[in-house]
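Lettering of chains follows the sequences in order, A, B, ..., and the numbering in each one begins at 1. No experiment lies behind these values; they were computed from the predicted model shown.
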Amino acid sequence: MEYVTVIGLEVHAQLNTNTKIFCGCSTAFGAPPNTHVCPVCLGMPGVLPVLNRKVVAFAVTMGIATRCTINRESRFARKNYFYPDLPKGYQISQYELPICEHGHVDIDTNGEKKRIGITRIHMEEDAGKLSHLAGRPVSHVDLNRTGVPLIEIVSEPDIRSPEEAGAYLRKLRSILRYLGICDGNMEEGSFRCDANVSIMPAGSDTFGTRAELKNLNSFRNVEKALHYEIIRQREVIEDGGAVVQETRLWNPDRGVTTSMRGKEEAHDYRYFPDPDLLPVVVDDAWIQEIEAGLPELPDQKEQRFVGTLGLSAYDAGVLTADRELADYFEACLESYDRPKPVANWIMGPLLGRLNAEGETIAASPVAPADLAALLKLVDDGTISGKIAKTVFDDMAATGKAPGEIVTEKQLVQLSDTSAIEEIIDEVIASHPDEVAAFRGGRKKLLGFFVGQVMKATQGKANPKMVNEILQQKLQ
Amino acid sequence: MKLYELTIHAAQDLLKRREISAVDLTRSVLERIREMDSRIGAYITVAETSALAQAEAADRAISEGGGGMLTGIPLAVKDLICTRGLRTTCASRILENFVPPYDAGVIERLHAEGAVVVGKANMDEFAMGSSNENSALGVTRNPWDLSRIPGGSSGGSAAAVAADMCLGALGSDTGGSIRQPASHCGVVGLKPTYGRVSRYGLVAFASSLDQIGPLAKDVTDCAAMLSAIAGYDRRDSTAVPKPVPDYGAALRADIKGLRIGLPREYYGASGLSPEVESVIQKAVGVLEEMGARCMEISLPHAPYVVAVYYLIAPSEASSNLARYDGVKYGFRDAGREGLLEMYRSTRSKGFGPEVQRRIILGTYALSAGYYDAYYGKASQVRTLIGQDFREAFESCDVIVSPVAPTPAFRIGENVDDPLTMYLSDIFTLSANLAGIPGLSVPCGFSGGGLPIGLQIMGNHFDEETLLRVGYAFEQATDVHLRKPALDAPDGMDRQGDPE
């Protein structure tokens, strides 16, 4: 039987404010355990939370960027459960009245646009971190992360495949990074995802029973875990069984999901409005101020790259997926006005090199102005495209400007007609057999002669001129 | 007259004129505590060394011509208000050895005004109770009759003031916990408007109801203490940024034309003892003689107050007390196998029966499937209760009622009957649910010589009117001047008869 997959994602994004959501402690990552703490985030008796307004501004920013309705009044609620990484015994979150609702983002799937609904975005505090000592019945608690601000972004069950899930996550991450409110690092946990997944027979309009997947700590793992889970659920059904509602844990080493807790063991979080915090009020003026400060978002940039710069949809998609990459591209265009070669050079040699080293554009060894300068040398005939590639490699290795390398290594293209003619005469004189064969009809030998000329000039001869002159002389 | 018998304002005059020193005054109070507290049990911790150091600092400030509103005045502080470096137990095993690394907002204010903190007052565990019988750290007795409860949960604060073991005290009031013990111990107690006084550093029982307030020997002292502790604190999001008036300036014995509302639902309420009712009526008569006008008003949702309170307060408490889990501080029942068993055992042993009862009640009221019927419905009715008062204050200036339906009962009398205990809060709970201020002033005595308090409730942030009415009543009577006969040679025998 054919099945349709239904996926909804819950994404937790850590907001990069300087201080925590309800106290003045630093949010910096990597400090020694329990050094970024105070009585408030430690949950000491009698202390009270005070809301960091920047968190509200960031949540509203994301809400506007994803076309949400911004609730003029929202509330914090307590989510009650016991765990050693949760010092108050409750997490301050939002429940009945979140700050943003009813938004969407558009993703590309197989070259088509698809709209994924966003149910809600709400603000909450992060919990601490436990580390369990191997072989000993001891756990350590680090509360540095306790109270670091998060937004939870909940999608509608609009996603139909693991690939769409991946595209949606990449889009959210891209938007968050464009907005500069979250660094989006899945491995470090600043961008986390839980997935609800179910399958139903094709043509059905009733969703199947869903499983919630946890521990999806990379984009790749999200897709792999979903693939695995879809097959598992199909096998359960085809074996005559029924999928049960449960939380399952992805095991990346074994490549399987395993049951963590069933519906019966699900927590009753006893949410209720937090009496220590006033309703969060966001007025029109504040929303307008935030809206006015929004940067150009990936979708808008992509449209501009296609519409105004004439890039292909594919190139525009690649270049705008990451804000820093798009910024690099645009920085090149500040001193060079042909977008297409810039796109080719970035997506080809530059990204090829960075990907091979596992680096991102932020680590580019070639500055945008230098790449632009290199392309100008090609355009004005100073060097050939082929030589440009070796110059680029030199630039990457040494950090030198292209002009400097071209001068030092005497790579300037040979475009002097008489000099080229002289070399061609020598090549013709020293290869009488090939000349005879060419004239006898083996026109393919032209490539051989070009190669000989290039060899004699260490690749510096202007290839176009070499071709033309050879053709004349071999007649 | 002994120094410990002084009111705050009398002591201030003497201090200002340098007739006494703050150290003399503090020594006198500490001496009184040593003599008396083994019989009363008002204190959990007496901070002799730090109190004397603060008194010395007060004397220096006075000699330099400085000082604040309460310089050199020895005060008691209820033991759920955090004091830096001074054990804060909440009268619970679970925090028995907890020493806060910070001062509550009100403690900072007391220190800024030069007050001397002599010790931490006993209370019902986590402020849950009306008798101080729920303290895990010792019984508190009523100075007027040592066989009786002092009221609660600020019973230690009220008993300390009544027995002259401090000049004034801070308490907290979630459902009557300042006013009811004040009434039972014959002292003045004020629950301010919600948001008037910072809750920062007040260990939470029910966050939307809790408010810190003063207990004092008379209304003038009460006003002085409120002036010192009131005001905005950015660390408490529910504190209201409203200027603090000079409450002392509001004390004029003029209540001509004052409109007093008498809720029809309160008088003749079941459980209201005829003795208390007649004392209250006489007190109302005194106010009328001074020119106040009485009118019957209605608070239609009064019958639901106890039910609403006993859903909302335990719900919030069940969440507020979750942090006492044995992981970070406080008591832990170590040596238990596994995390869950550690939690279970720590909390079963660390909390007393009343606290556990309320945690269970609140957990239930917030549970999936019950939330709407209990917490949700209670929150809606709470809104209606607030509306009752808003409407009432359109036609009257203050609402006058008993504080408690009976005088102080005997220790142990109601221990096994929590429902009766809860019902005795009927007159005080509304002010917390509505967020309005309520004052208790001594207004008479029962046939057995037990004090009875008069409750005066007012509109939001209208503490000035309450204090003025209380002050006027004081001027017209001498009830507040009577003292328990603790020092009479036969005092123990006549009043003690502990069972």
Side-chain angles (χ1 to χ4, degrees), chain A residues 22-24 34 37-53 75-92 95-96 128 130 132 137-143 146 263 265-281, chain B residues 80-82 88 90 94-95 98 100-102 104-105 126 198-204 206-210 233-239 312 315-316 318-330 337-340 342-344 347 362-371 375-376 379:
Chain A
F22 297 122
C23 64
N34 299 308
V37 293
C38 72
V40 174
C41 56
L42 288 174
M44 301 284 268
V47 298
L48 296 168
V50 176
L51 177 60
N52 179 348
R53 302 283 289 168
R75 275 225 71 133
F76 280 102
R78 294 185 184 177
K79 178 178 181 177
N80 295 285
Y81 65 96
F82 286 92
Y83 209 59
D85 66 5
L86 192 68
K88 297 188 298 298
Y90 58 83
Q91 178 194 29
I92 304 179
Y95 187 56
E96 282 180 330
L130 294 186
H132 307 287
V138 173
S139 300
H140 287 174
V141 188
D142 176 8
L143 298 177
T146 307
K263 194 183 175 186
E265 302 149 74
H267 292 297
D268 178 355
Y269 291 118
R270 292 172 283 120
Y271 283 100
F272 74 108
D274 191 329
D276 286 331
L277 289 160
L278 302 176
V280 181
V281 175
Chain B
L80 82 171
I81 297 172
C82 287
T88 299
C90 301
I94 214 156
L95 287 178
F98 176 68
Y102 45 89
F126 282 103
S198 168
R199 291 188 298 116
Y200 183 82
L202 168 69
V203 178
S207 314
S208 73
L209 302 162
D210 297 339
D233 180 349
R234 61 168 300 281
R235 295 166 299 181
D236 174 4
S237 306
T238 63
I312 289 178
S315 293
E316 293 184 12
S318 71
S319 174
N320 282 332
L321 272 63
R323 67 187 62 195
Y324 311 113
D325 57 5
V327 173
K328 310 160 292 288
Y329 49 75
E337 276 293 309
L339 181 65
L340 266 180
M342 190 278 278
Y343 282 151
R344 207 190 318 267
R347 289 167 65 82
T363 302
Y364 185 77
L366 290 175
S367 297
Y370 298 100
Y371 179 94
Y375 181 86
S379 300

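Within the 4.5 angstrom heavy-atom criterion, no atom of L340(B) approaches chain A. Heavy atoms of Y200(B) lying under 4.5 Å from chain A belong to its backbone as well as its side chain. Looking at A368(B), both its backbone and its side chain come within 4.5 Å of chain A, counting heavy atoms on both sides. Looking at D210(B), neither its backbone nor its side chain comes within 4.5 Å of chain A, counting heavy atoms on both sides. Interface remark: T363(B) contributes backbone and side-chain atoms alike to the contact with chain A (heavy atom separation under 4.5 Å). Within the 4.5 angstrom heavy-atom criterion, only side-chain atoms of Y324(B), from C-beta onward, approach chain A. For L95(B), the part lying under 4.5 angstrom from a heavy atom of chain A is the side chain only.
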When you look at Y90(A) and R323(B), which way does the side-chain hydrogen bond (donor to acceptor under 3.5 Å, both in side chains) test go after all the steps? CA-CA 8 Å; Y90(A) 58 83; R323(B) 67 187 62 195; 3.2 Å; yes
CA sep, side-chain torsions, deciding dist, call: R78(A), N320(B), side-chain contact (heavy atoms from CB on, under 4.5 Å): CA-CA 10 Å; R78(A) 294 185 184 177; N320(B) 282 332; 2.8 Å; yes
Check the pair L48(A), R235(B) against side-chain contact (heavy atoms from CB on, under 4.5 Å), reporting the backbone distance first and the verdict last. CA-CA 7 Å; L48(A) 296 168; R235(B) 295 166 299 181; 6.0 Å; no
Can you check side-chain contact (heavy atoms from CB on, under 4.5 Å) on Y370(B) and R270(A), steps first, answer last? CA-CA 10 Å; Y370(B) 298 100; R270(A) 292 172 283 120; over 6 Å; no
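Ring pair Y375(B)/F272(A) is perpendicular by interplanar angle, where above 60° counts as perpendicular and below 30° as parallel.
Environment of CZ in F82(A): crowded, with over 12 heavy atoms of neighbouring residues, nucleotides or ligands closer than 6.0 Å. Around atom OH of Y83(A), no more than 12 heavy atoms belonging to other residues, nucleotides or ligands sit under 6.0 Å away.
Taking every heavy atom of both residues into account, D268(A) and S367(B) meet most closely at OD2-CA, 3.4 Å. Closest approach of Y271(A) to Y371(B), counting heavy atoms only: O-CE1, 3.2 Å. The nearest pair of heavy atoms linking Y329(B) to G43(A) is OH-O, 2.7 Å. Closest of all the heavy-atom pairs between P87(A) and K328(B) is O-NZ, 2.8 Å.
Among D276(A), L278(A), L143(A), the residue with the largest count of heavy-atom pairs under 4.5 Å with chain B is D276(A). Listed options G89(A), P275(A), S139(A) were ranked by heavy-atom pairs under 4.5 angstrom with chain B; first place goes to P275(A). For chain A, the option among G201(B), S315(B), G376(B) with the highest count of heavy-atom pairs below 4.5 Å is G201(B). With chain B as the partner, the residue from P84(A), P137(A), P273(A) showing the most heavy-atom pairs under 4.5 Å is P84(A).
Using modelled atom types, one side-chain atom of S237(B) and one backbone atom of P49(A) make a donor-acceptor pair closer than 3.5 Å.
The side-chain heavy atoms of M44(A) and P101(B), taken from C-beta on, include a pair separated by under 4.5 Å.
Going from atom CG of D325(B) over to atom NZ of K88(A) covers 12.0 Å, rounded to the nearest 0.5 Å.
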